[in-house]
K.L.:
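Just dropping this structure here.
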2 protein chains.
Amino acid sequence: MGHTDSVNTRAPLTRREQKERTRVALLDAALRLLERKSFGSLGLREVAREAGVVPTAFYRHFDSMEELGLALIDDSFRTLRRMIRDARAQDLAFEHVIRDSVEILVRHVHAHRLHFRFVARERSSGMPVLRQAIRAEIRLFSSELATDLARFPFLDRWSTEDLGVLATLIVNTMVSTAEEIVDAPSGGQQLEREIVRRAEKQLLLIALGVPQWRSSGAEAPDVS
Amino acid sequence: MGHTDSVNTRAPLTRREQKERTRVALLDAALRLLERKSFGSLGLREVAREAGVVPTAFYRHFDSMEELGLALIDDSFRTLRRMIRDARAQDLAFEHVIRDSVEILVRHVHAHRLHFRFVARERSSGMPVLRQAIRAEIRLFSSELATDLARFPFLDRWSTEDLGVLATLIVNTMVSTAEEIVDAPSGGQQLEREIVRRAEKQLLLIALGVPQWRSSGAEAPDVS
DNA sequence: CTAGCTTGTGCACAAGTGTTCACTCAAACT
DNA sequence: AGTTTGAGTGAACACTTGTGCACAAGCTAG
């Protein structure tokens, strides 16, 4: 082996460990580059160079950029799912749900800024495969949230469709909020507080509409 | 002049006309390519080729890709603004606002599919300049909507901040809806009806929350 | 009608891209 | 012990990319 000191440490490493190490080096490198570029304009060589590895070594881990992208999505949503499971375990009290949920979201966005930035951007842009994968994950969140919502007052008698509508609205608001936070300058405490405040207000407004909803079943609500 | 038949017609053209003609040829070419690629991964040569023009001719119209992107954003929002002004001129009746607004949006998305796709994608991805330009335009819509909203019952006594919160929520929902429609397969009548239906329900839910809102001024609503 | 400005051409260049191939050399297996 | 395996190397390929420069040709101004 040449001089791979950028990823190697001088500790005796098993082969699996070493391979995994450069694998995450590649993923991290891509994630780092994705702060400034879009995934579609990200080159295989570019990533390899940033990871301190020769281009051909890339193929030992992924056989295309697209596959690396999917791996990134996987990682991102793995941690996100873990967060949500933890949050659900806390079994938030009804009166704090909004404030607590937003706070958890914000904390997580900061803890995984790069992952979030990547997901937020590739969600609507770039390669169809990635876009679809991300959309699928988000839709999954929505449906999970829908079943969770069914345990709240008023909502226990809602139709499945209406619960889905509500869940989608909430998730959309959360996604928008996450995007705004990710894009905010990292120093802007004041700006971030405003974003959070607005998110809380929006969610509260939605919540206020819930008791007024007449669960008219499959019938479309009378808009006209 | 060589053989520019791809953009020329055999009618005698004034110089301004001819220049404008290849200019829109370039813009259209870019727009067409943006159906499949992201703007960041879009090359100058690629656009020129698609427009049936030699690469160096590109510089006669834009001196960078970024400038072409800004021109695209300009065009997109020019038509969008015109639509909104027309819609506002109709002075929608209170009982139909939601249904009518959504319908207008859907119609416009179909009429300008490529522009919308471009804007929707570059809104969160790609080059910072474009992202910022798009975000600025959308924020402008929000604030215009906020002043419009002030003429509705209940809302006339809301604080400016709260009106902004509401407007942002509505615009976000509209943007999400537009994105979903743009991404839906062009044949999917059924899917689109569902998207529209969900959008209407979401907006209705928001509207139902409005009368419950206590306009507590600058004070944060009691969430805890 | 002539002179010139401007739009589009053609060619060249350096730099970067994805992918292939034969190769090293140490960990892992027998 | 000796052998196999496979992660990483380095050179080479056929492209594509952005940009510079000299040139052609027709609309347009004088």
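Below, chains carry the letters A, B, ... as their sequence lines are ordered, and counting in each starts from 1.
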K.L.:
Tell me the interatomic distance from B:Leu33, atom CG, to D:dT17, atom P, rounded to whole angstroms.
P.N.:
11 Å

K.L.:
Find which nucleotide of DNA chain D each of A:Val54 and A:Arg45 is nearest to by heavy atoms, and output the residue with the more 5' nucleotide.
P.N.:
A:Val54

K.L.:
Using heavy atoms to find the nearest nucleotide of DNA chain C for A:Leu42 and A:Arg60 separately, return the residue whose nucleotide is more 5′.
P.N.:
A:Leu42

K.L.:
When the distance from CD of B:Glu46 to C1' of C:dG16 is rounded to whole Å, what number comes out?
P.N.:
16 Å

K.L.:
Regarding B:Arg49, tell me which of base, sugar-phosphate or nothing describes its non-hydrogen contacts under 4.0 Å with the strands shown.
P.N.:
sugar-phosphate

K.L.:
Can you tell me if A:Gln18 touches the phosphate of D:dG6, counting only side-chain N or O atoms and a distance under 4.0 Å to OP1 or OP2?
P.N.:
no

K.L.:
Can you figure out which of D:dT19, C:dT9, D:dT9 approaches the side chain of B:Ala57 most closely?
P.N.:
C:dT9

K.L.:
Would you say the side chain of B:Arg16 and the base of C:dT7 hold a donor-acceptor pair, judged only by whether the two atoms sit under 3.5 Å apart?
P.N.:
no

K.L.:
Can you tell me the distance, in whole Å, between the CG atom of A:Asp63 and the C1' atom of D:dA7?
P.N.:
16 Å

K.L.:
Take atom CG of B:Leu44 and atom C1' of C:dG16, then tell me their distance rounded to the nearest Å.
P.N.:
16 Å

K.L.:
Whole Å only: how far is the CG atom of A:Leu26 from the P atom of D:dA7?
P.N.:
13 Å

K.L.:
Verify the distance criterion only: is there a donor paired with an acceptor across the side chains of B:His112 and B:Ser76 at less than 3.5 Å?
P.N.:
no

K.L.:
Determine, for A:Glu161 against B:Arg197, whether the closest basic-nitrogen to carboxylate-oxygen distance falls under 4.0 angstrom.
P.N.:
yes

K.L.:
Tell me which nucleotide among C:dT17, C:dT20, D:dG8 gets nearest to the side chain of A:Thr56.
P.N.:
C:dT20

K.L.:
Do the side chains of A:Arg139 and A:Arg135 get nearer than 4.5 Å, heavy atoms only?
P.N.:
yes

K.L.:
Is there side-chain contact between A:Glu179 and A:Phe116, with heavy atoms separated by less than 4.5 Å?
P.N.:
no

K.L.:
In whole angstrom, what separates A:Arg23's CZ from D:dG6's P?
P.N.:
17 Å

K.L.:
State whether B:Thr14 places a side-chain N or O below 4.0 Å from either non-bridging phosphate oxygen (OP1 or OP2) of D:dT28.
P.N.:
yes

K.L.:
Using whole Å, report how far CZ of B:Phe62 lies from P of C:dT7.
P.N.:
13 Å

K.L.:
Is the shortest side-chain N/O distance from B:His61 to OP1 or OP2 of C:dT7 below 4.0 Å?
P.N.:
no

K.L.:
Could you state the CZ-P distance from B:Phe58 to D:dG20, rounded to the nearest angstrom?
P.N.:
13 Å

K.L.:
Any side-chain to backbone donor/acceptor pair from B:Arg45 onto B:Pro55? Under 3.5 Å, distance only.
P.N.:
no

K.L.:
Could you work out which one of C:dC21, D:dG8, D:dG18 sits closest to the side chain of B:Tyr59?
P.N.:
D:dG18

